[in-house]
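Sequence positions, counted from 1, serve as the residue numbers for this chain. Keep in mind the model is a prediction, meaning the values are calculated, not measured.
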Amino acid sequence: MNVTPLVWIITLAITVAFFVYEFFAHVRKPHEPTITESARWSAFYIGLALLFGVGIGAVSGWTFGGEYFAGYLTEKALSIDNLFVFFIVMAGFAVPKIYQQKVLMIGIVIALIMRGGFIAIGAALIENFSWIFYIFGALLLFLAYRQAFAHGDHNPADGRFMHFVRRILPVTDEYSGDRLTVRKNGRRFVTPMLLVIVAIGFVDLIFAVDSIPAIYGLTEEAYIVFTANAFALMGLRQLYFLIGGLLERLVYLAQGLAVILAFIGVKLVLHALHVNELPFINGGEPLLWVPEIPIWLSLLFIAATIIVATVASLLKTRNDGRRGTVAVGDSISDSPSIREGRR
């Protein structure tokens, strides 16, 4: 895939322009977005991402188009997983709803910058060291295990990192609008708003560790990696307000993401064997008989896993809700007052 410096410059300029527009059009004036507003802009950004993927396929070939769509689906699913943690952070710091947009916007920009750095590092490593695929594959298999079995009740707002930040920074007890610092009695204090942004940035750094190796398992093109990440993050703010209630019902999302990460991890290890240069494996020669997973199979597997995890989650929460309703009804009918009334 031949991407000229001019194309990179135009892409980066348009990406920055979108976020600048987002800030001045939606975030600058504090307010809580309506469902209609969130749905409209979410649909716009998803449609834009799909249209861009069609453009890549039409211009550069559908192998690259397939890599983009597989990467976009994976990054979008991981980004939705990020929203769970964002909800916990917002609740832990009791961020007023009208200011949550600003926190999310800053967090998303931080995430894109951090991922941009990881993308550049990853591209350089892949270009010079083929054995890095072994490292990425092993990392994703470990992260898949942790994703499947880790408990989701950890609150980053009350973690060791935030305790450390509170020890070195003087913090006020209350918010002062959306200001990050405030002066009291001649002394400068930081507000909880700044702590929220620091916590979101720390969370973004952690999520970038599994996000970037995952997409490099689907494509080696840095341009596709960047654009898939950028489009996955665009509209995430609106999605936060749109599916806030639905997130609690996606009980199998973590397991679905674990399956996707494990699948990509295996794909990376197979690719590493196929291009092997390590002297203690097959004498430093590639194992050409090792099969490689084609991108069309990756795309189908990732899409199917997301669908299955979503449907299974919704069915489980619906059935649990019905059982809860039945249990409450039985409890009421068995109460002494009800039995006395029947007599």
Side-chain angles (χ1 to χ4, degrees), residues 1 42 45-54 56-57 60-84 115 118-119 122 126 133 136-148 207-236 239 243 246-247 250-272 274 291-314:
M1 186 177 183
S42 294
Y45 281 119
I46 291 174
L48 194 63
L50 297 178
L51 186 62
F52 184 83
V54 172
I56 285 184
S60 300
W62 286 104
T63 297
F64 292 121
E67 291 177 359
Y68 167 82
F69 281 116
Y72 173 73
L73 279 178
T74 300
E75 293 300 326
K76 197 67 175 178
L78 289 169
S79 296
I80 291 175
D81 190 44
N82 288 19
L83 292 184
F84 278 107
R115 293 185 187 191
F118 275 92
I119 290 168
I126 289 172
F133 289 112
F136 282 177
L139 176 63
L140 286 180
L141 290 173
F142 167 75
L143 292 172
Y145 174 83
R146 191 183 68 175
Q147 181 79 23
F207 275 108
V209 174
D210 57 5
S211 170
I212 302 307
I215 192 169
Y216 267 123
L218 300 169
T219 179
E220 296 180 31
E221 296 291 335
Y223 185 76
I224 292 177
V225 174
F226 175 79
T227 51
N229 268 274
F231 277 114
L233 291 173
M234 286 181 184
L236 194 63
L239 205 60
I243 65 172
L246 179 62
L247 282 176
L250 298 178
V251 294
Y252 292 131
L253 178 62
Q255 287 72 23
L257 290 175
V259 171
I260 292 173
L261 292 176
F263 172 82
I264 299 175
V266 171
K267 185 179 186 298
L268 276 170
V269 172
L270 292 177
H271 179 70
H274 200 78
E292 289 209 79
I293 300 174
I295 193 63
W296 64 264
L297 180 59
S298 300
L299 180 58
L300 288 178
F301 183 89
I302 292 167
T305 302
I306 293 173
I307 292 171
V308 169
T310 302
V311 172
S313 296
L314 297 178

(request) Sequence neighbours left out, what passes salt bridge (charged side-chain N to carboxylate O under 4.0 Å, His left out) with Glu67? Give chain and number order. (result)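 So Glu67 forms no salt bridge (charged side-chain N to carboxylate O under 4.0 Å, His left out) with any residue.
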Using every non-hydrogen atom in the two residues, find where [X] and [Y] come nearest and quote the distance to one decimal.
| X | Y | answer |
| --- | --- | --- |
| Gln255 | Ala148 | NE2-O, 3.5 Å |
| Leu140 | Ala214 | CD1-CA, 3.7 Å |
| Gly256 | Ala309 | CA-CB, 4.1 Å |

(request) Under the side-chain contact (heavy atoms from CB on, under 4.5 Å) rule, collect the residues that match up with Ile307, sequence neighbours excluded. (result)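 If we apply the side-chain contact (heavy atoms from CB on, under 4.5 Å) test to Ile307, skipping adjacent residues, the hits are Val311.
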(request) Not counting sequence neighbours, which residues clear side-chain contact (heavy atoms from CB on, under 4.5 Å) with Ile119? List them please. (result)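 Checked Ile119 against side-chain contact (heavy atoms from CB on, under 4.5 Å); matches are Ile212, Tyr216, Ala222, Val225, Phe226, Asn229.
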Spacing of [X] atom [atom1] and [Y] atom [atom2] [to the nearest 0.5 Å]:
| X | Y | atom1 | atom2 | value |
| --- | --- | --- | --- | --- |
| Thr219 | Ile126 | OG1 | CD1 | 9.0 Å |
| Ser42 | Leu239 | OG | CG | 5.0 Å |
| Leu218 | Ile293 | CG | CD1 | 9.5 Å |

Donor-acceptor pairs under 3.5 angstrom involving side-chain atoms of residues 69-78: please list them, not counting sequence neighbours.
{"from": "Thr74", "atom 1": "OG1", "to": "Ala70", "atom 2": "O", "distance (Å)": "2.9"}
{"from": "Glu75", "atom 1": "OE1", "to": "Arg115", "atom 2": "NH1", "distance (Å)": "3.3"}
{"from": "Glu75", "atom 1": "OE1", "to": "Ser211", "atom 2": "OG", "distance (Å)": "2.4"}
{"from": "Glu75", "atom 1": "OE2", "to": "Ser211", "atom 2": "OG", "distance (Å)": "3.2"}
{"from": "Lys76", "atom 1": "NZ", "to": "Ala232", "atom 2": "O", "distance (Å)": "3.2"}

Sequence neighbours left out, cut at 3.5 Å: what donor-acceptor pairs do the side chains of residues 261-272 make with other protein atoms?
{"from": "Lys267", "atom 1": "NZ", "to": "Gly217", "atom 2": "O", "distance (Å)": "3.1"}
{"from": "His271", "atom 1": "ND1", "to": "Glu292", "atom 2": "OE1", "distance (Å)": "2.5"}
{"from": "His271", "atom 1": "NE2", "to": "Glu220", "atom 2": "OE2", "distance (Å)": "3.0"}

(request) Ignoring hydrogens and angles, tell me if any N or O in the side chain of Thr227 forms a donor-acceptor pair with the backbone of Ile224 under 3.5 Å. (result)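 Between the backbone of Ile224 and the side chain of Thr227 there is a qualifying donor-acceptor contact (under 3.5 Å).
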(message) Phe231: which residues meet the ring pair (Phe, Tyr, Trp, His ring centres under 6.0 Å) condition with it, sequence neighbours left out?
(response)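 Per chain and number, Phe231 pairs via ring pair (Phe, Tyr, Trp, His ring centres under 6.0 Å) with Phe52.
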(message) Going by the rule side chain to side chain donor-acceptor pair (under 3.5 Å), which residues pair with Tyr252 if we only count those two or more places apart in sequence or in a different chain?
(response)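 Scan of Tyr252 (side chain to side chain donor-acceptor pair (under 3.5 Å), adjacent residues dropped) gives none.
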(message) For a 4.5 angstrom cut-off between non-hydrogen side-chain atoms, does Leu253 reach Ser313?
(response)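 Result no, sub-4.5 Å side-chain heavy-atom pair not found.
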(request) In sequence, state the C-alpha distance, the side-chain angles, and the governing distance for Phe301 and Val259, and then conclude on side-chain contact (heavy atoms from CB on, under 4.5 Å). (result) CA-CA 10 Å; Phe301 183 89; Val259 171; 3.6 Å; yes
(request) Show the numbers, then the answer: is there a side-chain contact (heavy atoms from CB on, under 4.5 Å) between Thr63 and Tyr68? (result) CA-CA 9 Å; Thr63 297; Tyr68 167 82; over 6 Å; no
